[in-house]
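Letters go in sequence order (proteins before strands), and every chain restarts at 1. Given the structure is predicted, the values throughout are model-derived calculations rather than measurements.
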Protein chains: 2
Amino acid sequence: MQNTDTTPSTDASRAAARRQQILCAAARCFREHGFHGASIAKISAIAGMSPGHIYHYFENKEAIIAAIVAQDLESLLEMTAQFRAACNVRAALIERAAEGVVRQLDPDAAGLKLEIVAEAARNPRVAQIVNEADIICRRELAIVIGDIRRRSGHQDSPAAIDGMVEVLACLFEGLLQRTIRNPGLDRDKVTQRIQIAIDDLLNQPGEDALAARP
Amino acid sequence: MQNTDTTPSTDASRAAARRQQILCAAARCFREHGFHGASIAKISAIAGMSPGHIYHYFENKEAIIAAIVAQDLESLLEMTAQFRAACNVRAALIERAAEGVVRQLDPDAAGLKLEIVAEAARNPRVAQIVNEADIICRRELAIVIGDIRRRSGHQDSPAAIDGMVEVLACLFEGLLQRTIRNPGLDRDKVTQRIQIAIDDLLNQPGEDALAARP
DNA sequence: TAACATAGAATGAGCGTTCAATCTAGAATA
DNA sequence: TATTCTAGATTGAACGCTCATTCTATGTTA
């Protein structure tokens, strides 16, 4: 806001800021009205610029949607990377998981994340972004789970690990829906039970023992 | 289709059929374009009637959305009731669960279900329908889980049971997202691992033992 | 001056919704 | 039986509005 500097903000950084300003406004509108219910007029009003000006930074509305989706998934990838970076110890994973659970239980964020998956179910461009991010997430989680299992003396096939990754993902992604379907849920109790479920998941029998189980 | 009767099809049943015709077309449109992307014109075209005629059966578009939501949740309630009706034995629950898992993994159905939850996050009318259905589901599941736990010798507080219900719900609802985020997942393997996870869930320690666990 | 940032009106398409007009088929009448 | 009446089913054009997008004109800055 000050211009005492020789070049307070370069063209590039100014443009980036404008872009972010639009994305921020768009995220809010998409949360409140959905991708198709939010109009360029509303987004531009909240972003504090004219509708036409939006088109200097984004080709069209779908490009804004794609950017929002990519931005949201980036935060997911960060979280997954944190799982991996944490020393590969069971306790550390489970502790980090608690933070993840709490984050998933924020209803505002949940609304947008669900909107994204719903859109992915019908919009190929969004589907591609989502699918590619999911591949990365699964790869990371498979490494973490594989590590822990190996330390516990298990010898699992990749397919077995993949199955566990899917269940772990179910637990986290299911929370997005729970916080909307049951807004009054007891966050602490749920976090506790999810932690136990993850612990149990990491203890599931290997494939050989699997056939004889049920 | 024959009119040998005095009144082959009453006004009421004909109207009900027309209503269902509209709902069927609407479900398809909503799946393909989302609640806001689907237009009355498209719905009426698929339903095989004029746009104006739709308004003889539904007050407005939101009423159609509400009806679709209610219809979808009704099938959920049926599934939950089946859980309860099945003899309250662990094995029976887990076997039924497998059917539920498969059903949740159908990508077409998943798209509409996710659209509904996303809409519930911002549309109070839809939120109310969803919340009320969820209360019923949780009540039923709590009874089933409570029964099983009691037979296994556990004494749980209602809050503890509620926590387990939430985790069970996470597993099922998470599948809706998994089938879209990872369309190539191995359905059999996932079903197997989910079954084990549910079995473990029903074996989680009670509250007294909980503090000393991690 | 040259180049870019920005505004805001203009455009044409499509939206949800309404409504007067038409069709249809059984009841009433002759 | 032949004709008219009637009420609901159904149509499709029209309405007012909002949409995404484009275009032209006006700052602004270097």
Side-chain angles (χ1 to χ4, degrees), chain A residues 1-26 28-30 32-68 119 123 125-126, chain B residues 1-27 29-30 32-68 119 123 125-126:
Chain A
M1 309 299 179
Q2 297 171 315
N3 48 355
T4 52
D5 290 8
T6 51
T7 345
S9 54
T10 67
D11 284 3
S13 84
R14 169 186 286 263
R18 273 274 191 254
R19 254 185 80 98
Q20 198 52 46
Q21 195 178 347
I22 294 169
L23 288 180
C24 185
R28 180 173 150 194
C29 284
F30 290 156
E32 288 173 4
H33 309 285
F35 285 139
H36 298 288
S39 68
I40 296 289
K42 278 180 200 145
I43 293 172
S44 71
I46 290 180
M49 67 184 67
S50 70
H53 198 39
I54 300 254
Y55 289 83
H56 280 253
Y57 297 97
F58 293 93
E59 190 195 344
N60 52 31
K61 191 180 170 183
E62 211 201 341
I64 302 178
I65 294 176
I68 290 280
E119 181 72 13
N123 180 335
R125 184 166 169 188
V126 171
Chain B
M1 307 303 177
Q2 296 172 318
N3 48 357
T4 52
D5 290 7
T6 50
T7 348
S9 54
T10 66
D11 286 2
S13 83
R14 170 186 285 263
R18 273 273 191 257
R19 255 186 79 99
Q20 198 53 47
Q21 196 177 346
I22 294 168
L23 287 180
C24 185
C29 284
F30 289 157
E32 288 173 5
H33 310 284
F35 285 138
H36 299 286
S39 68
I40 296 289
K42 279 180 199 143
I43 293 171
S44 71
I46 289 178
M49 68 183 69
S50 69
H53 199 37
I54 300 254
Y55 289 84
H56 279 252
Y57 297 97
F58 293 93
E59 191 195 343
N60 51 33
K61 191 181 171 184
E62 211 202 341
I64 302 177
I65 294 176
I68 290 280
E119 181 72 12
N123 181 334
R125 184 167 170 186
V126 171

Is there any protein nitrogen or oxygen under 3.5 Å from a nitrogen or oxygen in nucleotides 11-13 of chain D, and what are the pairs?
from, atom 1, to, atom 2, distance (Å)
D/dT11, OP2, B/S50, N, 2.9
D/dT11, OP2, B/S50, OG, 3.3

Which whole-number value in Å describes the distance from [X] [atom1] to [N] [atom2]?
X: B/F35; N: C/dC15; atom1: CZ; atom2: C1'; answer: 18 Å
X: A/I40; N: D/dT22; atom1: CD1; atom2: P; answer: 11 Å
X: B/Y55; N: C/dG16; atom1: OH; atom2: P; answer: 6 Å
X: A/R18; N: C/dA5; atom1: CZ; atom2: C1'; answer: 8 Å
X: A/I64; N: D/dC19; atom1: CD1; atom2: P; answer: 14 Å
X: A/I22; N: C/dT6; atom1: CD1; atom2: C1'; answer: 12 Å
X: B/H36; N: C/dG16; atom1: NE2; atom2: C1'; answer: 13 Å

Check step by step if side chain to side chain contact (heavy atoms under 4.5 Å, CB included) holds for A/Q21 and A/M49.
-> CA-CA 10 Å; A/Q21 195 178 347; A/M49 67 184 67; 4.2 Å; yes
Just wondering, do [Y] and [X] contact through their side chains at under 4.5 Å, heavy atoms?
X: A/N123; Y: A/F35; value: no
X: B/H36; Y: A/H33; value: no
X: A/E32; Y: A/C29; value: no
X: A/I65; Y: A/F30; value: yes
X: B/Y57; Y: B/I64; value: no

Would you mind classifying the nucleic acid contact of A/Y57 as base, sugar-phosphate or nothing, using non-hydrogen atoms under 4.0 angstrom?
-> sugar-phosphate
Go through C/dT17, D/dC19, D/dA20 for me and flag the one nearest to the A/K42 side chain.
-> D/dC19
Choose from C/dC15, D/dC19, D/dT22 the nucleotide whose nearest atom is closest to any side-chain atom of A/A41.
-> D/dC19
Phosphate contact (C/dC15 OP1 or OP2) by B/S39 side-chain N/O below 4.0 Å = yes
Should B/L23 and B/F58 be marked as a side chain to side chain contact (heavy atoms under 4.5 Å, CB included) after you check the CA-CA gap, both sets of side-chain angles, and the distance that decides it?
-> CA-CA 10 Å; B/L23 287 180; B/F58 293 93; 3.7 Å; yes
